[in-house]
Amino acid sequence: MTTTNLLTDNPELYEARFPDPERLAGRWTEDCLRRYDAGPRVLDMGCGTGRDAAHLHHAGRRVTGADLSEAMLGYARTHHPGPAYVRADLHGFDLGRGAFDAVVCLDSALLYCHTNDQLDGFLTSCRHALAPGGLLVAEMRNGAYFLGRTDLLDTPKVNSFTWQGTEYRSTTTLTVDRTAQLLRRVRTWTADEGSAPVEQRSAWRLLFPQELRHLLAAHGFQVLALHDGPGPRTEPPWHEGRLPGATTDADRLHVVARLTTPH
């Protein structure tokens, strides 16, 4: 069995596995930016294949998409043109002081900051990148969901889909590393064309709502909204006209914060 990040290395496969034909994530993000009067310059940190960055571009924003994966960036430039795409590490980046009116970080990308130092590096970089009054919009898993709940941990999740005539099957197992405060994921891929199984290991930081409030405040941000839905990956999903909720109990967490103390 080989170990790799199959989806990061194969952006076409990523979009086939996680389709978003209605651009829910991009539409939800644009709704947040409009709701809180963000300016036009947007940094999509952890942009992946560029779908959401391109949606924001077509909504009239000046977008920079940033990611650490050269494969993702190359795919984004070809398949989702419009934004500027640059390589940057969310643990620490410098794309210009006050160069953006908003930083967005979707689909748990922020949770790849596993340590407190990495979280501080991300928020310090955001503070440097944002103009006074700029927004941080993030959407991620909710650490609080795992307090007393094991439904996502008890049984491996199996998924299959067909792409370019090959059926792919993934088996995903989640475990909680309480000491490191991480949700660890092992995903094993098999394909019906007989290739060797591929094992992918990753982890997300388990952030709790009050912990996130404290981190943001310590870095000069005022929380404008913090809730568990509706959002692009909630059930039922967000749609235009649905207002932010008031609870932080479900498995997704959504935050909008304004920079009040520039770096």
Side-chain angles (χ1 to χ4, degrees), residues 3-33 41-91 93 95 100 102-113 122 125-126 129 136-141 157 159-170 172 185 187 189 191 198-204 231-234 237-238 252 254:
T3 300
T4 186
N5 192 328
L6 187 68
L7 295 182
T8 299
D9 295 340
N10 297 276
E12 300 94 336
L13 190 63
Y14 180 97
E15 289 202 339
R17 170 63 183 87
F18 299 108
D20 186 11
E22 298 181 357
R23 296 296 185 264
L24 261 178
R27 285 163 43 215
W28 174 83
T29 305
E30 175 61 20
D31 184 77
C32 289
L33 296 174
R41 302 170 302 165
V42 176
L43 171 63
D44 182 1
M45 198 67 212
C47 67
T49 65
R51 289 186 304 198
D52 303 325
H55 179 86
L56 297 174
H57 168 80
H58 291 304
R61 302 201 178 265
R62 299 202 301 271
V63 184
T64 298
D67 205 280
L68 200 55
S69 167
E70 291 287 7
M72 286 288 191
L73 291 169
Y75 181 89
R77 292 184 185 108
T78 299
H79 292 85
H80 299 292
Y85 290 107
V86 299
R87 189 173 187 269
D89 187 341
L90 62 86
H91 296 159
F93 57 91
L95 299 175
F100 300 98
V103 175
V104 303
C105 195
L106 305 177
D107 197 17
S108 296
L110 187 154
L111 303 184
Y112 289 113
C113 295
F122 171 75
S125 299
C126 288
L136 172 62
V137 177
E139 180 263 335
M140 68 199 86
R141 283 186 175 272
K157 183 177 181 179
N159 180 275
S160 62
F161 68 101
T162 299
W163 179 66
Q164 293 188 350
T166 297
E167 183 180 18
Y168 291 84
R169 180 184 178 92
S170 64
T172 304
R185 178 180 68 184
R187 178 175 286 155
W189 291 91
V198 175
E199 183 180 274
Q200 174 189 344
R201 293 178 179 266
S202 58
W204 294 288
R233 296 172 180 87
T234 61
W238 172 88
R252 305 299 296 189
H254 313 80

### Message
Tell me whether Thr78 contacts the main-chain N or O of Gly74 through its side chain, where contact means a donor paired with an acceptor under 3.5 Å.
### Response
yes
### Message
Is the shortest side-chain heavy-atom distance between Val137 and Trp28 below 4.5 Å?
### Response
yes
### Derivation and outcome, side-chain contact (heavy atoms from CB on, under 4.5 Å), residues Phe161 and Glu167
CA-CA 6 Å; Phe161 68 101; Glu167 183 180 18; over 6 Å; no
#### Entry: Glu199 and Trp189: CA distance, side-chain angles, deciding distance, side-chain contact (heavy atoms from CB on, under 4.5 Å) verdict
CA-CA 6 Å; Glu199 183 180 274; Trp189 291 91; over 6 Å; no
### Task
Using side-chain contact (heavy atoms from CB on, under 4.5 Å) as the criterion, list what pairs up with Ser108, not counting sequence neighbours.
Leu111, Met140, Arg141, Trp204, Arg252
### Message
Using modelled atom types and a 3.5 Å cut-off, is there a donor and acceptor pairing between side-chain atoms of Ser125 and backbone atoms of Phe93?
### Response
yes
### Query
Once you round to the nearest 0.5 Å, how far does CZ of Arg23 lie from CG of Asp20?
6.0 Å
### Criterion side-chain contact (heavy atoms from CB on, under 4.5 Å) against Leu106, the qualifying member of His254, Glu139, Met45
Glu139
### Message
For Arg187 and Ser170: C-alpha separation, side-chain torsions, deciding distance, then whether side-chain hydrogen bond (donor to acceptor under 3.5 Å, both in side chains) applies.
### Response
CA-CA 6 Å; Arg187 178 175 286 155; Ser170 64; 4.5 Å; no
### Query
In terms of heavy-atom contacts, does CD of Glu22 have more than 12 from other residues, nucleotides or ligands at under 6.0 Å?
no
### Task
Give the minimum heavy-atom separation between Arg87 and Leu68, together with the two atoms involved.
NE-O, 3.1 Å
### Task
Examine distances only and state if a side-chain atom of Asn10 and a backbone atom of Leu13 form a donor-acceptor pair shorter than 3.5 Å.
no
### Query
Short question: side chain of Asp89, backbone of His91 - any donor-acceptor pair under 3.5 Å?
yes
### Task
Please report the shortest heavy-atom distance between Phe18 and Arg51, naming the atom on each side.
O-NH1, 2.8 Å
### Ion pair Arg233/Asp107, N-O distance below 4.0 Å
yes
### Task
Can you see which heavy atom on Leu73 is nearest to which on Gly65, and at what distance?
CD2-O, 4.3 Å
### Message
To the nearest 0.5 Å, what is the distance between CH2 on Trp163 and OH on Tyr168?
### Response
5.5 Å
### Query
Is the backbone N or O of His58 less than 3.5 Å from a side-chain atom of Arg61, with the two atoms forming a donor-acceptor pair by type?
no
## Note on the structure
Taken to the nearest 0.5 Å, the spacing of Arg185 CZ from Lys157 NZ works out to 10.5 Å
### Polar side-chain atom of Arg41 near backbone of Ala102 as donor-acceptor pair, under 3.5 Å
no
### Message
Checking His80 against Glu15 for the side-chain hydrogen bond (donor to acceptor under 3.5 Å, both in side chains) test, could you report, in this order, the C-alpha distance in whole Å, the side-chain angles of both residues, the deciding distance, and whether it holds?
### Response
CA-CA 12 Å; His80 299 292; Glu15 289 202 339; 2.9 Å; yes
#### Entry: Test side-chain contact (heavy atoms from CB on, under 4.5 Å) applied to Tyr85 and Cys47, step by step
CA-CA 9 Å; Tyr85 290 107; Cys47 67; 4.0 Å; yes
### Query
Looking at OG of Ser160 and CZ of Arg17, how far apart are the two atoms once the value is rounded to the nearest 0.5 Å?
9.0 Å
### Message
Could you measure the distance from the SG atom of Cys105 to the CG atom of Leu90? Nearest 0.5 Å is fine.
### Response
6.0 Å
### Task
Under the side-chain contact (heavy atoms from CB on, under 4.5 Å) rule, collect the residues that match up with Thr64, sequence neighbours excluded.
Leu43, Ala84, Val86, Phe100
### Summary
Here the pair of heavy atoms bringing Ala88 nearest to Ala66 is CB-CB, 4.0 Å
### Task
Over all heavy atoms of both residues, which pair between Asp67 and Gly48 is shortest? Give the atoms and the distance, please.
OD2-N, 2.8 Å
### Query
Between Ala25 and Asp52, which heavy-atom pair has the shortest distance, and what is it?
CB-OD1, 3.5 Å
### Residue pair Asn159 / Arg169, side-chain heavy-atom distance below 4.5 Å
no
### Query
Is there a donor-acceptor contact under 3.5 Å from the side chain of His79 to the main chain of Tyr75?
yes
